[in-house]
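Down below is the structure, laid out as structure tokens.
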Amino acid sequence: MAPFALLLLFPIAWAAPLLRAGLLPIFGLEEISVLSGLAALWEKDILLALLVAFFAIVAPWLKLLGLIALQSGRAPARLARPLTALGRLAMADIFLIALYIVIAKGVGVGRLETGWGLYLLSFCILASLALSHLPPRKA
């Protein structure tokens, strides 16, 4: 049941605010989500937007679908190794967001706050990683 819950939680996490950022402390903060970040990136650099979309959306989604197929016995066991690789790609997303926060706070020009979506996205990725360590169901 947990993998199916993640199928619903991932899209919520993609739309949820990961960060609230502002240039100066006196101005309001703009909420940034995975989807809004991709939309802004699409306007500047389509190739980079496609790459980020793969890491942030496609890799975790494919991993989860593959995990459901593997654990339900509908996919061959050899699928486990590529799913592990997809899981690592999904973790790159969280690492890059954390790196962005550290760099932005170190510069000290603007204001940056983490949003609840960052925690939800982290939970989804870590839960997916934990589920990948469960043995497949016996038929």
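Values below: all heavy atoms of this structure, side chains included; hydrogens, waters and symmetry mates excluded.
Once rounded to the nearest 0.5 Å, the distance linking CZ of Phe10 with CD1 of Ile57 reads 10.5 Å. To the nearest 0.5 Å, the span separating CG on Leu18 from CD on Glu113 amounts to 14.0 Å. One finds the CG atom of Leu126 at 13.0 Å from the OH atom of Tyr119 (value rounded to the nearest 0.5 Å). Rounding to the nearest 0.5 angstrom, the gap separating the CD atom in Gln71 from the CG atom in Leu83 is 9.5 Å. Put simply, CG on Leu50 and CG on Asp45 are 9.0 Å apart, with the number rounded to the nearest 0.5 Å. Taking CG of Leu9 as the start and OG of Ser128 as the end, the distance is 11.5 Å to the nearest 0.5 Å.
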Show every donor-acceptor pair shorter than 3.5 Å between a side-chain atom in residues 32-43 and any protein atom, with sequence neighbours excluded, or say none if there are none.
residue, atom, partner, partner atom, Å
Ser33, OG, Leu35, N, 3.4
Ser33, OG, Ser36, N, 3.0
Ser33, OG, Ser36, OG, 3.3
Ser36, OG, Ser33, N, 2.8
Ser36, OG, Ser33, O, 3.3

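Contact check for Leu67 versus Leu6: no side-chain heavy atoms found under the 4.5 Å cut-off.
Criterion: ILVMFWY side-chain heavy atoms under 4.5 Å apart, direct or through other members. Under it, Leu64 and Leu8 are not part of a common hydrophobic cluster.
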Legend entry - Stepwise side-chain contact (heavy atoms from CB on, under 4.5 Å) check, Leu47 with Leu51: CA-CA 6 Å; Leu47 186 59; Leu51 186 63; over 6 Å; no

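Residue pairs meeting the side chain to side chain donor-acceptor pair (under 3.5 Å) criterion with at least one member in residues 48-61, sequence neighbours excluded, do not occur.
Checking side-chain atoms of Trp14 against main-chain N and O of Ala56 turns up a donor-acceptor pair under 3.5 Å. Between the Ser122 side chain and the Leu118 main chain, a donor and an acceptor come within less than 3.5 Å of each other.
In this view, Arg74 satisfies the salt bridge (Lys or Arg N to Asp or Glu O under 4.0 Å) rule with no residue, not counting sequence neighbours.
Looking at every heavy atom in both residues, Trp116 comes nearest to Ala16 through CH2-CB, 3.5 Å.
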